[in-house]
Amino acid sequence: MIQLKNVMKQYDNGVIAIKDLSLTVDAGEFVYLIGSSGAGKSTFIKMLYHELTPSEGTITVGKHDFAKMGPKDVPMFRRELGVVFQDFKLLPRLTVYENVAYAMEVIETPDDEIKPRVLHVLKLVGLEQKLRRFPSELSGGEQQRVAIARAIVNDPQVVIADEPTGNLDPETSEGIMEILERINGDGTTVIMATHNREIVNGHPHRLLEIAGGRLIRDEQGGSYGNEA
Ligand code: ADP
């Protein structure tokens, strides 16, 4: 599903953020990405959703080989991948419903398919009662649930979550985690960068740890000890 081969990323200022990273993630896996600040997590995640391109090496997500992907392939690729951010990144002037519908509109989904699908995913995240609220009228946990609904509305094969519980209290984080696990249970591959020790240890999944741009640990059900 996801394959990285000898990936290196050097920024324009000379900093090498990722060094010789090779890795395979199979369809349907749930994978955590941990590492201290500056380890290279964001760089790695941004390369996965094609916000950044590797300086060396190859990345394949689904059937998309990034090296062979032209600008016209990017919308199709984005459709197969949902992204969730720590700070939600909702559009403030759009309602809950509109934020989610917008993700379908930009890929030119036929109008009659949009409403039933948006209502379905908002129900899935428990927000069917708040369709007309604006993001500023929601709690952090509710905003993140809208962001998750938006990430899954086009039925992607992969969801990438960059510190999705970073701004949330423990109880709310649990709720977000349960939703991500439910999505994974339906067959979607989930990759989640996190600092949240309680979540990682309470919900064991494959654990990747990076330090200094290198993969230093890849364990099934690994725990988040004091070293990270
Ligand atoms: P993490 O997400 O684990 O905190 P990052 O991927 O953000 O780590 O950063 C990895 C390294 O790359 C750090 O040394 C950071 O300073 C550097 N870095 C991140 N973004 C940029 C950038 N846009 N330009 C130059 N260096 C960067």
Side-chain angles (χ1 to χ4, degrees), residues 2-25 29-61 64 66-67 69 71 74 77-78 81-90 140 143-144 147-148 151 156 158-170 172-173 176-177 180 189-228:
I2 296 173
Q3 194 166 49
L4 287 86
K5 277 192 196 153
N6 307 113
V7 169
M8 189 277 274
K9 176 67 191 179
Q10 181 167 31
Y11 285 107
D12 291 344
N13 65 356
V15 171
I16 300 180
I18 294 290
K19 295 169 187 151
D20 196 24
L21 192 83
S22 295
L23 172 72
T24 303
V25 176
E29 280 197 87
F30 195 119
V31 181
Y32 291 119
L33 178 66
I34 66 166
S36 49
S37 185
K41 300 182 298 298
S42 300
T43 304
F44 174 78
I45 291 272
K46 284 178 184 162
M47 284 195 289
L48 286 186
Y49 64 83
H50 214 255
E51 168 90 16
L52 289 175
T53 47
S55 311
E56 283 177 15
T58 57
I59 302 182
T60 314
V61 175
H64 302 275
F66 284 14
M69 214 159 93
V74 173
F77 166 71
R78 289 262 160 88
L81 186 114
V83 189
V84 177
F85 303 94
Q86 176 172 0
D87 60 355
F88 325 129
K89 296 202 193 301
L90 299 175
Q143 290 184 62
Q144 194 58 299
I148 293 175
V158 184
V159 167
I160 292 178
D162 194 0
E163 305 258 5
T165 64
N167 288 349
L168 306 175
D169 62 61
T172 310
S173 299
I176 293 299
M177 195 57 202
L180 290 172
T189 308
V190 177
I191 301 192
M192 170 172 163
T194 186
H195 274 120
N196 194 320
R197 204 174 295 267
E198 287 72 33
I199 290 284
V200 171
N201 293 341
H203 300 256
H205 294 290
R206 182 177 173 189
L207 183 73
L208 305 177
E209 181 174 351
I210 49 176
R214 290 185 194 279
L215 188 64
I216 60 162
R217 188 149 70 121
D218 180 357
E219 267 174 34
Q220 217 35 262
S223 71
Y224 197 147
N226 294 321
E227 70 279 10

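Counting convention: from 1, in listed order, for ligands and their atoms alike.
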Any side-chain heavy atom of Leu81 sitting closer than 4.5 Å to one from His50?
-> no
Could you find the nearest protein heavy atom to [atom] and give me its residue, atom name and distance?
atom: atom 7 (O) of ligand 1; answer: Ser42 CB, 3.7 Å
atom: atom 26 (N) of ligand 1; answer: Tyr11 CD1, 3.3 Å
atom: atom 25 (C) of ligand 1; answer: Asn13 ND2, 3.2 Å
atom: atom 4 (O) of ligand 1; answer: Gly38 N, 2.7 Å
atom: atom 15 (C) of ligand 1; answer: Val15 CG1, 4.7 Å
atom: atom 8 (O) of ligand 1; answer: Gly40 N, 3.1 Å
atom: atom 12 (O) of ligand 1; answer: Ala17 CB, 3.4 Å

Look at the rings of Phe77 and His64 and say which category their plane angle falls in: under 30° parallel, 30 to 60° tilted, over 60° perpendicular.
-> perpendicular
Main-chain N/O of Ala161 paired to Gln86 side chain as donor or acceptor, under 3.5 Å | no
Spell out, as yes or no, whether a donor-acceptor pair under 3.5 Å connects the side chain of Lys9 to the backbone of Thr53.
-> yes
Suppose I only count heavy atoms of [X] and a 4.0 Å limit; which atoms of ligand 1 are within that range?
X: Ser36; answer: 3 (O)
X: Ala39; answer: 1 (P), 3 (O), 8 (O)
X: Lys41; answer: 1 (P), 2 (O), 3 (O), 4 (O), 6 (O), 8 (O)

Looking only at heavy atoms of Gly35, does any of them come nearer than 4.0 Å to an atom of ligand 1?
-> no
For Ala193, is the nearest heavy atom under 4.0 Å from an atom of ligand 1?
-> no
Would you please test Tyr32 and His203 for side-chain contact (heavy atoms from CB on, under 4.5 Å) and show each step?
-> CA-CA 10 Å; Tyr32 291 119; His203 300 256; 3.4 Å; yes
In terms of heavy-atom contacts, Ala147 and Phe88 come closest through CB-O, 3.8 Å
At a non-hydrogen distance cut-off of under 4.0 Å, which region of Thr43 contacts ligand 1 (side chain, backbone, both, or neither)?
-> both
Atom 19 (C) of ligand 1 within contact range, any protein heavy atom under 4.0 Å | yes
About how many Å separate CG of Leu208 and NZ of Lys41, when rounded to the nearest 0.5 Å?
-> 12.5 Å
Asn13 atom CG, over 12 foreign heavy atoms within 6.0 Å = yes
Check ion pair Lys46-Glu51 (N to O, under 4.0 angstrom) = no
